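Notes to accompany the following structure.
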Number of protein chains: 2
Amino acid sequence: MAEATRVRVLTAIEELGFVRNEAARTLRKGSGRTLGVIVEDISNPYFTDLARGVEDASNAGGYDLIWCTSDGSPEKERRRLDFLEQQGVSGVVITPVALDRDRIARLRARDVRMALVDRRMPGTGACSVNVDHVQGGRLAMRHLIELGRHDVAFVTAEPESPPVRQRRGGALRALTRAGYAPEQVLTIAEEELTAEAGQHAARRLLEFGTLPTGIFCANDLLAIGLINELTRNGVKVPQDVAVVGYDDIAPAATCVVPLTTVCQPRHELGVTATELLLAGIDNQQVTLTPELVVRESAC
Amino acid sequence: MAEATRVRVLTAIEELGFVRNEAARTLRKGSGRTLGVIVEDISNPYFTDLARGVEDASNAGGYDLIWCTSDGSPEKERRRLDFLEQQGVSGVVITPVALDRDRIARLRARDVRMALVDRRMPGTGACSVNVDHVQGGRLAMRHLIELGRHDVAFVTAEPESPPVRQRRGGALRALTRAGYAPEQVLTIAEEELTAEAGQHAARRLLEFGTLPTGIFCANDLLAIGLINELTRNGVKVPQDVAVVGYDDIAPAATCVVPLTTVCQPRHELGVTATELLLAGIDNQQVTLTPELVVRESAC
DNA sequence: CTGAAAGCGCTAACAT
DNA sequence: ATGTTAGCGCTTTCAG
């Protein structure tokens, strides 16, 4: 194309404020230059960091991103998927709540590719990116054991969810390896993975009379709520109880007692999932590795 | 329409997994049944609560919502608006960063209505929903004065943004009314309205040697970071310093020292903005009222 | 290198 | 109550 023409067109676009009609483009091409992401809980920084990774990688690949929240509800998840399907996205990154194989197949039939975070569904064609939570749980517990804190409680919620189960499994394995009986681990199960729930768990622990010497929380929000409530009640962290969290979200570092935690590569998780989506590969599985970050709550 | 036909069609839809092509619908009708929301900072619960309000009201009105973040960047704000315009949304709720009248006019010309949060732009046709921040600042400061804490510091960031200026203005006015000289208020200006910045502000205050007896923070994240850092350094809140925040985000209640703060009707703000949008009224201005929530950090 | 024309799936208007 | 048709703005294809 002649440079002169190019410039002329570009000026005209600028002058008239022309904006391409994406609806028409999507209609014509079958699917557009947008991706979608559905996360479980927008108020947990873990998920916003993840979604930011998805956004960065989408933009880098020339795609726009539509953010959605399922709030952990299967019904909402379904509605958000309907929405993204209607919008003609070409792919979805999702932390699944109740996603089934049929739905993935239906989306595939409409050329909507899927990348799952923290859940494998082999044979569906969907890619997935996982963190080695067994390893993560092991890192956390091994650290507590090394500090001599083998009298341990596990504070958790959503105990059936695979990531949480794996974290617990890894922790128990570390105990066993060190020669301790995993049965002696006190498990406090709360309703949600939130700071409020952590606070509640602390109150339950305080009611028991004797505290364990170490506590492993299934995520950072639980740990932060727990530490705050313990501190309010005069319990010193880490002197009286050492606490280890999981995720390494930003507030973990600015908490009253900066949190020792297992760092998940949250941004990278989102980036990787998106790259898998855009690469157009099927059934690809990637596993990322967590890392222990030692701060004051257990050292 | 005959009931029999209706049922027959519905079954067929179910059976074939028919999903309406929103792109075609949008193309045909000029704009679709979706709205957009652009917030400044997805990691501040204030904004997620706001956006949730927008989502709830959108869904209630039969619309779907596309969430976007500007991250406080004018450039990103522009790109997100381009995106929403391309997607054919019929309206946008936004906490503006660098939105100008031209842009609003251009969007209007394409039938994209706007509702602004915390910024008035009269004459553009855009509606706006505001919180009376002067009143909010006054509530906070009056409370500190009533506690005998008139030796006060104001911890802030983005001091030029209207909401922050108004909060400060209201606080100073309360001081003046009570017969104190507002010039004696120590102002600590940080870079961002985050917990990290609050932590930094605390360190700066500690370096001065003598602490004020009361601190008013421009938002809760600053207050939480500040309290955590003060507590770590052996300063007792509220005994040594009383702290008042602004927003009443969820973490304010679960913080080590539960935060006394000015509650903004965050969800209602989003709902109201959306209802204004959907009602199709122009130039409408609504002002909501903040409320003082007394917890332990200042009582 | 530029111009013309078909058709993506839907809705609104009109005809049966 | 049901069937038919035009056209939204774009991309792709084919002709000039």
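Because the structure is predicted, anything quoted here is derived from the model rather than measured. Side chains included, hydrogens not; waters and symmetry mates left out as well; all remaining heavy atoms used.
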Decide, yes or no, whether a salt bridge links Lys76(A) with Glu55(B) under the criterion of side-chain N to carboxylate O below 4.0 Å. yes
Inspect the contact between Arg266(B) and Asp247(B) and indicate whether a charged nitrogen and a carboxylate oxygen are less than 4.0 angstrom apart.
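Judged by the 4.0 Å cut-off on N to carboxylate O distance, Asp247(B) and Arg266(B) do not form a salt bridge.
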So which protein N/O to nucleotides 8-12 of chain D N/O distances come out below 3.5 Å?
unit_1: dG9(D); atom_1: N2; unit_2: Ala24(A); atom_2: O; d: 3.4
unit_1: dC10(D); atom_1: OP1; unit_2: Asn21(A); atom_2: N; d: 3.1
unit_1: dT11(D); atom_1: OP1; unit_2: Arg25(A); atom_2: NE; d: 2.7
unit_1: dT11(D); atom_1: OP1; unit_2: Arg25(A); atom_2: NH2; d: 3.4
unit_1: dT11(D); atom_1: O2; unit_2: Arg28(A); atom_2: NH1; d: 2.2
unit_1: dT12(D); atom_1: O4'; unit_2: Arg28(A); atom_2: NH1; d: 3.4

Examine distances only and state if a side-chain atom of Arg33(A) and a backbone atom of Tyr63(A) form a donor-acceptor pair shorter than 3.5 Å.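 Checked: no pair found.
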Run the side-chain donor-acceptor check on residues 91-98 of chain A: report pairs under 3.5 Å with partners two or more places apart or on a different chain.
unit_1: Thr95(A); atom_1: OG1; unit_2: Glu40(A); atom_2: N; d: 3.3

Q: Would you work out how much the helix from dC1(C)-dG16(D) to dT16(C)-dA1(D) bends between its ends, with each end axis defined by five base pairs, to 10 degrees?
A: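 Its terminal axes enclose an angle near 40°.
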Of Arg78(B), Arg80(B), Arg110(B), the one forming a salt bridge (charged side-chain N to carboxylate O under 4.0 Å, His left out) with Glu85(B) is Arg110(B)
| query | So, Thr69(A) versus Asp71(A): side-chain donor-acceptor pair below 3.5 Å or not? | reply |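 No, because no side-chain N or O of Thr69(A) sits under 3.5 Å from a partner of the opposite role on Asp71(A).
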Next item on the list: Kindly determine whether Asp100(B) and Ile104(B) satisfy side-chain contact (heavy atoms from CB on, under 4.5 Å), including the steps that lead there.
Entry: CA-CA 7 Å; Asp100(B) 56 90; Ile104(B) 297 180; over 6 Å; no
